[in-house]
Asks: 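Mind looking over this structure? Questions follow.
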Amino acid sequence: MALKYWWLLPLGLAVLAAAGAWLWRRRDAVQEHSPVAHAERLTELPAYRQAVAAHRKRLACTLAAFAVLAVSLLVAAARPVSESSSIPEQLNRDIMLCLDVSGSMLETDEAIVGVFSQLVGNFKGERIGMTIFDSSAVMVFPLTDDYEFVEAELATATQALSSDAGTFDYLAGTYEAAGSSLIGDGLANCVNGFPAAGKAAGETERSRSIIFATDNMLAGRPLFTLEQATGLAKTAKARVYAFNPNDYGPTGSGANESGSSGSDPGSGSLGSIASDSGGYGPSGSGAVPLFGDAAAGLQKTAVATGGAYYALESEEAVPSIVEKVQATEASLLLGAPQKTVVDHPGAALGVAGLALLGLALVAAAARRGRP
Amino acid sequence: MASLLTAVQKKMHIFAHRKARGLLEGEYASIFRGRGLDFEDLRDYVPGDEVRDIDWKATARTGKPLVKRYVATRRQQLLFVADTGRNMAALAQGGELKKDLAVMAMGVLGVLAVGHGDSVSLVHGDGDGTDALPAGGTEHHVEMLLRRMDAAGLDHGPSDLAAQLEYVAAHYRQRMLLVIIADGVAADQRLAKVLRRLRAQHEILWVDIADADLAGPDAVQGTGLDVAGMEPVLLFLAQDPGLARSYAEAMAERARGLSELLAAHGIATASIASSSEAVARIFALLERHRRGR
């Protein structure tokens, strides 16, 4: 609780004190009173003394009530407020978990889902959704801020993606099309998971980020190339944070995160990756440079959308990297923290009301006392 | 210079036209009717006697100053004894300042005295001290006395009429006509004593300047200033009927006490509440005094 215009208090008190001093001095300037002689013949009457005592009491009550009224009104005028600073943009985030569930990615997925199932407990206002894909994409749950539900879903997903899971029922629907890791389609599906994703940018106020876990080991012919999906993501203003567990190559940025410098992706090379990688199997048996090319394509996607690219050396690194993503998001979205000011005039005005009531009572008593 | 005396004389003219012309003067002169004007002897000079009354030949013969008694008795001396303390700067019953009424009363009597060839003098003061003005027989002198009376203000000391009377008792040997300009003083031992003393020597007229009511329907409104202690008096509290009743009782008791005291000494009194009735009241006072003897 603080006073927004705290200076009103000393100012008002000073004005009150000045007015009081002026009145007091004016009381001393008795020349305005009518001079009367032999007043002791009145003032020594017991009835007069009683009347004066009653008058004094009334005056004291009036003065006290007035002082309380003035101070409480001053306090109310000084606006007692409680301030809290919040970063509303961060709470306006939409997070889409976009997980490649091809065989090579399951452990990474489990780690990511595990991290988010812990993070979701701290969410306030963020919406989170989850899409898994392999050759075709399945939305596990749409964007929602029903965290209870999300937590349950993420727990289920952790269970199903773990190596202990006996069945692949959870992944049903992700291999409806030919091929594997059709990441272009997957990313496009994830982007479409945002509401009104197709509309022009700027219509939505919520920031969007996609946690995109894939090794970019494309097998098959996707409907969307990674380049086209990147375009969709850019149109939807979704930032892509790419997690690649299979980046061993020297052509990528190694195990380091690449800065989101916003450079344009080389559309030509992306295209070539998409077409070249068609011939490789999903099990990741290709040569190291090809992994590197795949990583480069992913990195370009991430950079082009304003996100970041992370090469995972192990699943243990996932929590720290997710934390880093959250921090990056926070610093990107933080902007100026917004101050929320809530007025609390109730108590001060209540006291003022009581003081007014007291004044009215004193006035009524005075009227009754003096017919 | 706006003269206080002129204002008094205007009022007297109005009054004189209403009554028979010359009546006022006659009333004044008759106060001393019956004095043996031809009686003549000499007596020792005392301070306060007029220097022109000294019989220089007799003084030279005897070696001590003697005054001619017959001249002194023929030429009466009128002595105003007035309170010029703060009480006189207070409100009178009619809403005017009491000192204005005192000026009116003194003016009327002073004009009559001077017109009759008598001299007038003044003893005035407050609780802080007493001042005496010498006798004089001119209108200019009367005007000077009136100005003294008019000067009474809130910056003066508290009122003490008995002190002025005691001064007169101590300092004047000559038989004089005392006109005591009083306000609603209460009768007490001190006043009784000094009045008894003065009555033995002088003719006394008592002019009472009525105080403003402090309680009751005709009371002063709002807040008053008690001139004695210079403190505010919450007169608006005195609207209470019970309080007004007990105040009226107290005032009536005081007035009864004073009038009993004055009546016991055969002193005629007049109470003046406003300047419009001042001349009539003075006339009535003179008449009362003449009949009372």
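Every heavy atom of this structure was used, including side-chain atoms; hydrogens, water molecules and symmetry mates were not. Chain identifiers are assigned alphabetically (A, B, ...) following the order of the sequence lines, protein sequences preceding nucleic acid strands; residue numbering begins at 1 within each chain. This one's a predicted model, so the numbers in the text were calculated from it and none came from an experiment.
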Asks: So which part of B:Met251 gets closer than 4.5 Å to some heavy atom of chain A, the side chain, the backbone, both or neither?
Replies: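 Only the side chain of B:Met251 comes within 4.5 Å of chain A.
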Asks: Check the surroundings of atom CZ in A:Phe66: do more than 12 heavy atoms from other residues, nucleotides or ligands lie under 6.0 Å from it?
Replies: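 Atom CZ in A:Phe66 is not crowded, with 12 or fewer foreign heavy atoms closer than 6.0 Å.
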Asks: Name the option with the most non-hydrogen atom pairs under 4.5 Å to chain A; the candidates are B:Ser246, B:Gly184, B:Ala89, B:Ser159.
Replies: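 Greatest number of close heavy-atom pairs with chain A: B:Gly184.
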Asks: Counting only non-hydrogen atoms closer than 4.5 Å, does B:Asn87 touch chain A with its backbone (N, CA, C, O), its side chain (CB onward), both, or neither?
Replies: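 Both parts, backbone and side chain.
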Asks: For B:Thr84, is there any backbone N or O sitting under 3.5 Å from a side-chain donor or acceptor partner on B:His156?
Replies: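 Yes, B:His156 side chain to B:Thr84 backbone: donor-acceptor pair under 3.5 Å.
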Asks: Tell me, for B:Arg254 versus chain A, whether the close heavy atoms (under 4.5 Å) come from the side chain, the backbone, both or neither.
Replies: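 Only the side chain of B:Arg254 comes within 4.5 Å of chain A.
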Asks: Backbone N or O of B:Gly85 within a donor-acceptor pair of the B:Asp126 side chain at under 3.5 Å?
Replies: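 Side chain of B:Asp126 to backbone of B:Gly85: no pair is present.
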Asks: Below 4.5 Å from any heavy atom of chain B, which atoms of A:Leu42 appear? Answer side chain, backbone, both or neither.
Replies: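 Looking at A:Leu42, backbone and side chain both touch chain B.
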Asks: Relative to chain A, which segment of B:Val227 carries a heavy atom at a distance below 4.5 Å: side chain, backbone, both, or neither?
Replies: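 Both backbone and side chain.
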Asks: Ignoring hydrogens, what is the shortest heavy-atom contact between A:Tyr48 and B:Val233? Give both atom names and the distance.
Replies: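 Shortest heavy-atom contact: OH-CG1, 3.4 Å.
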Asks: Quick check on B:Ala186 against chain A: is it the side chain, the backbone, both or neither that has a heavy atom closer than 4.5 Å?
Replies: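 Both parts, backbone and side chain.
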Asks: Is the backbone N or O of B:Val123 less than 3.5 Å from a side-chain atom of B:Gln164, with the two atoms forming a donor-acceptor pair by type?
Replies: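 Pair absent, no side-chain N/O of B:Gln164 close to backbone of B:Val123.
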Asks: So, applying side-chain hydrogen bond (donor to acceptor under 3.5 Å, both in side chains) with B:Glu96, which one of B:Ser276, B:Ser274, B:Ser275 is it?
Replies: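 Single side-chain hydrogen bond (donor to acceptor under 3.5 Å, both in side chains) partner of B:Glu96 among B:Ser276, B:Ser274, B:Ser275: B:Ser275.
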